[in-house]
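First comes the structure, then the notes that go with it.
Quick note on labels: first sequence line is chain A, next is B, and so on, each numbered from 1. Note: hydrogens, waters and symmetry copies are ignored here, and every other heavy atom, side chains too, is used.
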Amino acid sequence: MHGLSTFEPKNGFVKWLEARLPILSFAHGSFVAFPTPKNLNYWWTFGGILSFMLIAQIVTGVVLTMHYTPESTLAFGSVEKIMRDVNWGWMLRYAHSNGASMFFFAVYIHMFRGIYYGSYKSPREVLWILGVIIFLLMMATGFMGYVLPWGQMSFWGATVITNLFSAIPLVGDDITVWLWGGFSVDNPTLNRFFALHYLLPFMIVAVVALHVWALHVCGQNNPDGVEVQDIHKDCVPFTPHATMKDSVGIAFFLILYCWFIFYIPNYLGDADNYIPANPMKTPAHIVPEWYFLPYYAILRSIPNKLAGVIAMFAAIAILAFLPWLDTSKVRSGKYRPIFRIFFWIFVASGIGLGYLGAMPPEGGYVLAARILGVVYFGFFVVVLPLLGLFEKTTPVPASIADAVLARTGSASSVAASAASAPQTKG
Amino acid sequence: MATATTVEPTRRDFLYIATGAVAAVGAAAAVWPLINSMSPDASTLALASTELDISAIPEGQIVTIKWRGKPVFVRHRTAKEIADSEAVNIATLPDPQADSARVQKPQWLIVVGVCTHLGCIPIGHAGEYDGWFCPCHGSVYDTSGRIRSGPAPRNLEVPAYSFLTDAKVKIG
């Protein structure tokens, strides 16, 4: 997809560097001249938004580390010190804690966009699976970060999640003790979670680099789901077009982010986490952070411990198999009328499970979670495989240029370009 | 690979495999200290036992004490609670165990106060059997600390303990 690159060094130093490390031409080809489908909509700006959030989390996190103490008797106090004594500490902490929520909000939109437009389909399976790995790393990072303030919800969230591993037959209890470094969640657990919470974001950076690499091999998908045929007709250069569009997306996203930081910084948090961790008292109602709620609802809806844990992990793992579960040859949901209906049912089931995950595990809530859990898994293992066989799709445009011209009304040139022979892609 | 015509394994092939095997064992041996360092350390394993004066606990009350960083419930059971626990047909239980196998003296039930589902601390005198109810995921335990309904797979654990005198119990 490096078809539009026009990088020709004139400066002597640049020529010298290019002969030794062609990093400038690589950057030019990847982020300036890179051909971007011209029909991308604003849902495609979430990749840029996520990159921004990753950097924001790392920068605020590194600075917060300079003030935080990962020791069970001092951790809670050090977070309060950040809030009261450290210059701008309140803002850094609120930016970091709400940043995690914003990060997950953006990643869920990014994933739903990928599902709606079939971005996981050949040849982008590896790109998609790398995304699932990033998602898993994000969940691990977010979970461990939530433990660090050592409040009641930190402690009991850590207890519940680490106990998930005790469901493994035979070795589960030993694994759990190993994870804790003791017989319950305690100082050794806090220490290692802190170490891993610092490490994992850099692993995310590495997998993001692979994700972007895979993206630049296949090129971006687009709302019409047709491959680029002629980069001169179908594409525009990444800079300025995508750079500017992404910047607009990030600017609007920042408004939302800042609204949370400055107006409702504790809205997404739990009041119980302002109570220091007490290993002798479980809060009446343990709730994870909102971004884990759908999976938590699936876990709780199954009355068997091992089966519940398997179902919860399966709900995430099944995403990696999406490229093979979806049998339809048409990529974009735009041309799949029945798929669209099921897609929105799937979205609703995810939101519904999120709501139920925050409710007490009783009566009708458990039943509703079971029903929505079936809907969630049904989308992957029943609907997607069968739709490919039975769905009557609407006509897909011959090229991106055709799709764009058809929308802007220049119907005459559509016929002309459709008639021309397909050209080799870049 | 380089000599595709050679059918017989040579001495050099053997040396390659042997060297590789030794390197793999060496790598595994080097990784082990890293993994093992995460297990409970010596200070955590050097566990103190806990002693408790039970004479002050009135009938019907549950006292929670800390042992190994975990809560332990000491329950002075009433005659009705003992009778209820003993009357259960154990074949109907998810984790069948007779009440007599879980107590040394019927009036004293001593169990680790950690739900066997995901580690929350159940609430005493609650739930359908007036034993314990776990608020996290809804597991219900009876007055013998046995799991009766909900997602928990096992009964509440009975720790090692002994009565030093009629009034004093040592846990651990």
Which portion of A:F165 sits near chain B, non-hydrogen atoms under 4.5 angstrom: neither
Evaluate whether atom NZ of B:K105 has more than 12 neighbouring non-hydrogen atoms of other residues, nucleotides or ligands under 6.0 angstrom away. yes
Is it the case that over 12 heavy atoms from other parts of the model lie below 6.0 angstrom from the CG atom of B:D166? no
Please state whether the side chain, the backbone, both or neither of A:W178 comes within less than 4.5 Å of a heavy atom of chain B. both
What's the separation between atom CG in A:N304 and atom NE2 in B:H117, rounded to the nearest 0.5 Å? 8.5 Å
Decide if atom CE of A:M203 counts as having more than 12 heavy atoms of other residues, nucleotides or ligands within a radius under 6.0 Å. no
Select one option (side chain, backbone, both, neither) describing which atoms of A:P283 are under 4.5 Å from chain B's heavy atoms. backbone
Out of A:R300, A:H285, A:M280, A:K281, return the one with the most heavy atom pairs under 4.5 angstrom to chain B. A:M280
B:H137 versus A:V160, closest heavy-atom pair with distance: CE1-CG1, 3.9 Å
Specify the closest pair of heavy atoms between A:P279 and B:K66, including all atoms of both residues, with the distance to one decimal. CG-NZ, 4.4 Å
Minimum heavy-atom separation for A:K305 to B:T116, with atom names? NZ-O, 2.8 Å
For B:R68 and A:F183, indicate whether the former's side chain and the latter's backbone hold a donor-acceptor pair under 3.5 Å. no
Locate the shortest heavy-atom distance separating A:N163 from B:L118; write the atom from each residue and the value. ND2-O, 3.0 Å
Could you tell me whether A:Y355 atom OH has more than 12 heavy atoms of other residues or ligands within 6.0 Å of it? no
At their closest point, which heavy atom of A:V177 faces which heavy atom of B:P40, and how far apart are they? CG1-CG, 3.4 Å
Can you tell which part of B:I123 gets under 4.5 Å to a heavy atom of chain A, answering side chain, backbone, both or neither? neither
When rounded to the nearest 0.5 angstrom, what distance separates CD in B:E157 from CG in A:D173? 8.5 Å
Side chain / backbone / both / neither for A:L306 at chain B, heavy atoms under 4.5 Å: neither
From OG (B:S39) to CH2 (A:W180), nearest 0.5 Å: 13.5 Å
Is A:F105 atom CZ crowded by more than 12 heavy atoms from other residues, nucleotides or ligands, each under 6.0 Å away? no
Let's go through A:T159 and B:C120 carefully: what are the C-alpha distance in whole Å and the side-chain angles of both, what is the deciding distance for side-chain contact (heavy atoms from CB on, under 4.5 Å) to 0.1 Å, and is it a yes or a no? CA-CA 7 Å; A:T159 298; B:C120 297; 6.0 Å; no
Around atom CZ of B:F163, are there more than 12 heavy atoms from other residues, nucleotides or ligands closer than 6.0 Å? yes
Is any side-chain heavy atom of B:C136 less than 4.5 Å from a side-chain heavy atom of A:T282? yes
